[in-house]
Peer 1: 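Once you've had a glance at the structure underneath, I'll fire off some questions.
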Amino acid sequence: MTTLRYKSLFISDTHLGLRASRTEYLLDFLKHTDSDNLYLVGDIIDFWKMRSGWYWPAINNEVIQQIIAKAKRGTRVVYVPGNHDELLRDYLNFHVSGIEIRKEVIHTTEDNRQFLILHGDEFDGVVLNNKWLAHLGSDAYDLLLWLNRWFNVARRRLGFGYWSLSAYLKNQVKEAMKYIGNFEQAVIHTVRERNLDGVICGHIHHAVISDIEDLTYANCGDWVESCTALAEEPDGSLKLIRWVDESMNLLDEKEKTYAYSDSDGRVVSTN
């Protein structure tokens with residue numbers, strides 16, 4: 001597969017340590033993308049879930065090793081902890097294996113726009129004021145992800161591709177959409193007060209790039225349901241990457257190239 005090159009990459013909510021985490025897609029993404037900057041926008045490691053039962057397969061170590069290897073090769077890697085990995089907030093401004101740990105960071109794009117980068121749980125009243133309720137919601141979400149997993153096992157056996165039942169249900173629930181809208185407005189209000197051009201966050205597992213009141217709101221999404229990331233192109237524009245689709249496109253390109261190659265691997269025609 002081709003390596004995709006970007007100015008900056010932003011990922012959040014990988015939830016390593018959660019059984020439902022789509023680590024195979026995440027590892028594939030890290031192996032086939034490169035950038036000057038890599039921002040880990042919170043909930044990368046799910047310490048909440050690991051407290052109730054240890055789950056750490058070998059592929060999680062491969063993911064961590066890929067990130068460290070990028071830092072060693074010169075990529076600036078910044079880790080902005082979220083609520084599920086809030087333990088790392090005790091180590092703000094530390095450098096670990098070349099990775100900076102920051103509460104938040106201002107990123108300036110190539111077209112000179114300034115974006116606030118933070119996880120986003122700071123704007124979630126449930127997390128801030130009712131942590132027991134947040135944990136209860138997390139458990140209910142885990143159940144939904146478990147159902148989603150077996151739903152997709154059945155889809156694969158029937159010859160269909162991956163489809164997120166949990167994301168579909170979330171988009172159909174009026175109160176969930178109201179919550180997402182309120183969250184976005186709260187974040188944008190803070191960005192406006194700080195005289196910035198936009199925000200890049202995570203937390204609510206809803207990947208999007210949108211203009212709100214002339215400011216840019218961008219959410220990385222997650223690697224539990226949607227397998228999404230944000231990318232800054234060389235001209236400073238932001239792009240939403242859906243890796244399930246992107247990786248298949250890259251494989252298709254590789255297969256087409258192979259089909260038009262000679263026995264030595266040289267491309268002889270692409271028509």
Side-chain angles (χ1 to χ4, degrees), residues 9-27 29-30 37-71 75-105 107 116-142 145 183 187 199-207 218-230:
L9 287 169
F10 311 82
I11 61 175
S12 74
D13 298 273
T14 61
H15 289 277
L16 299 179
L18 181 69
R19 289 182 182 274
S21 177
R22 308 285 292 178
T23 45
E24 69 279 13
Y25 283 105
L26 176 60
L27 181 60
F29 171 80
L30 292 170
N37 307 293
L38 173 61
Y39 292 95
L40 309 175
V41 193
D43 286 2
I44 302 302
I45 300 174
D46 196 330
F47 290 113
W48 282 17
K49 180 50 59 179
M50 288 195 291
R51 287 170 185 161
S52 60
W54 183 261
Y55 177 73
W56 193 265
I59 192 172
N60 287 6
N61 292 329
E62 292 186 60
V63 168
I64 299 298
Q65 289 164 6
Q66 279 290 326
I67 294 172
I68 292 173
K70 288 178 181 293
T75 298
R76 184 194 180 198
V77 181
V78 182
Y79 193 148
V80 180
N83 50 306
H84 283 254
D85 48 15
E86 61 187 348
L87 292 175
L88 296 177
R89 288 175 174 167
D90 292 336
Y91 303 95
L92 296 178
N93 302 318
F94 276 64
H95 285 69
V96 179
S97 297
I99 300 171
E100 305 172 40
I101 303 177
R102 302 280 295 276
K103 179 181 179 181
E104 61 180 42
V105 64
H107 173 73
L116 174 64
I117 301 175
L118 76 176
H119 180 62
D121 60 296
E122 299 92 334
F123 302 95
D124 190 332
V126 172
V127 173
L128 289 177
N129 302 316
N130 299 284
K131 285 202 171 185
W132 67 272
L133 185 59
H135 282 276
L136 179 63
S138 178
D139 291 339
Y141 184 58
D142 290 346
L145 292 173
F183 177 86
V187 176
V199 63
I200 296 172
C201 61
H203 185 57
I204 62 172
H205 294 207
H206 184 71
N219 194 294
C220 304
D222 67 282
W223 291 83
V224 178
E225 302 170 64
S226 59
C227 300
T228 53
L230 295 174

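Any value given below was found using the heavy atoms of this structure, including those in side chains, with hydrogens, waters and symmetry copies removed. Throughout, numbering of the chain's residues begins at 1 and tracks the sequence.
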Peer 1: Give, for atom CD1 of Ile200 and atom OG of Ser12, the distance between the pair rounded to the nearest 0.5 Å.
Peer 2: 10.5 Å
Peer 1: Report the relative orientation of the aromatic rings in His107 and Phe10; use parallel for angles under 30°, tilted for 30 to 60°, perpendicular for over 60°.
Peer 2: perpendicular
Peer 1: How about Ile117 and Val41: do any of their side-chain heavy atoms sit closer than 4.5 Å?
Peer 2: yes
Peer 1: Of the non-hydrogen atoms in Gly120 and Phe183, which two are nearest, and what is the gap between them?
Peer 2: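 Smallest heavy-atom distance, with atoms named: O-CE1, 3.1 Å.
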Peer 1: Trp223 pairs by side-chain contact (heavy atoms from CB on, under 4.5 Å) with which of Asp43, Leu18, Ile11?
Peer 2: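 The option that passes is Ile11.
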Peer 1: For His15, which residues count as a ring pair (Phe, Tyr, Trp, His ring centres under 6.0 Å) partner, sequence neighbours excluded?
Peer 2: His84, His205
Peer 1: I'd like to know if the side chain of Asp85 reaches the main chain of Ile44, judged simply by a donor and an acceptor atom lying under 3.5 Å from each other, with no hydrogens or angles considered.
Peer 2: yes
Peer 1: Answer whether the closest heavy-atom distance between the side chains of Leu116 and Glu104 falls below 4.5 Å.
Peer 2: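 With C-beta onward as the side chain, the pair touches.
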Peer 1: Begin from the C-alpha positions of Leu88 and Phe47 and carry the test side chain to side chain contact (heavy atoms under 4.5 Å, CB included) through to its verdict.
Peer 2: CA-CA 10 Å; Leu88 296 177; Phe47 290 113; 4.3 Å; yes
Peer 1: Under the criterion salt bridge (Lys or Arg N to Asp or Glu O under 4.0 Å), I'd like the reasoning laid out for Asp90 against Lys103: C-alpha separation, chi angles, the key distance, then a yes or no.
Peer 2: CA-CA 10 Å; Asp90 292 336; Lys103 179 181 179 181; over 6 Å; no
Peer 1: Less than 4.5 Å apart, side chain to side chain, heavy atoms only: is that true for Leu40 and Val80?
Peer 2: no
Peer 1: How about Asp46 and Leu16: do any of their side-chain heavy atoms sit closer than 4.5 Å?
Peer 2: no
Peer 1: Any ion pair linking Arg22 and Glu225 (charged N to carboxylate O, less than 4.0 Å)?
Peer 2: no
Peer 1: With heavy-atom distances below 4.5 Å as the criterion, would you say the side chains of Ile45 and Met50 are in contact?
Peer 2: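 The answer is yes, as the side chains (C-beta and beyond) meet within the 4.5 Å cut-off.
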Peer 1: Flag yes if more than 12 heavy atoms outside Tyr55 fall under 6.0 Å of its OH atom; otherwise flag no.
Peer 2: yes
Peer 1: Is there side-chain contact between Leu9 and Leu230, with heavy atoms separated by less than 4.5 Å?
Peer 2: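 Sidechains of Leu230 and Leu9: no contact.
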Peer 1: What's the separation between atom CD in Glu62 and atom CD in Glu24, rounded to the nearest 0.5 Å?
Peer 2: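 It comes to 12.0 Å.
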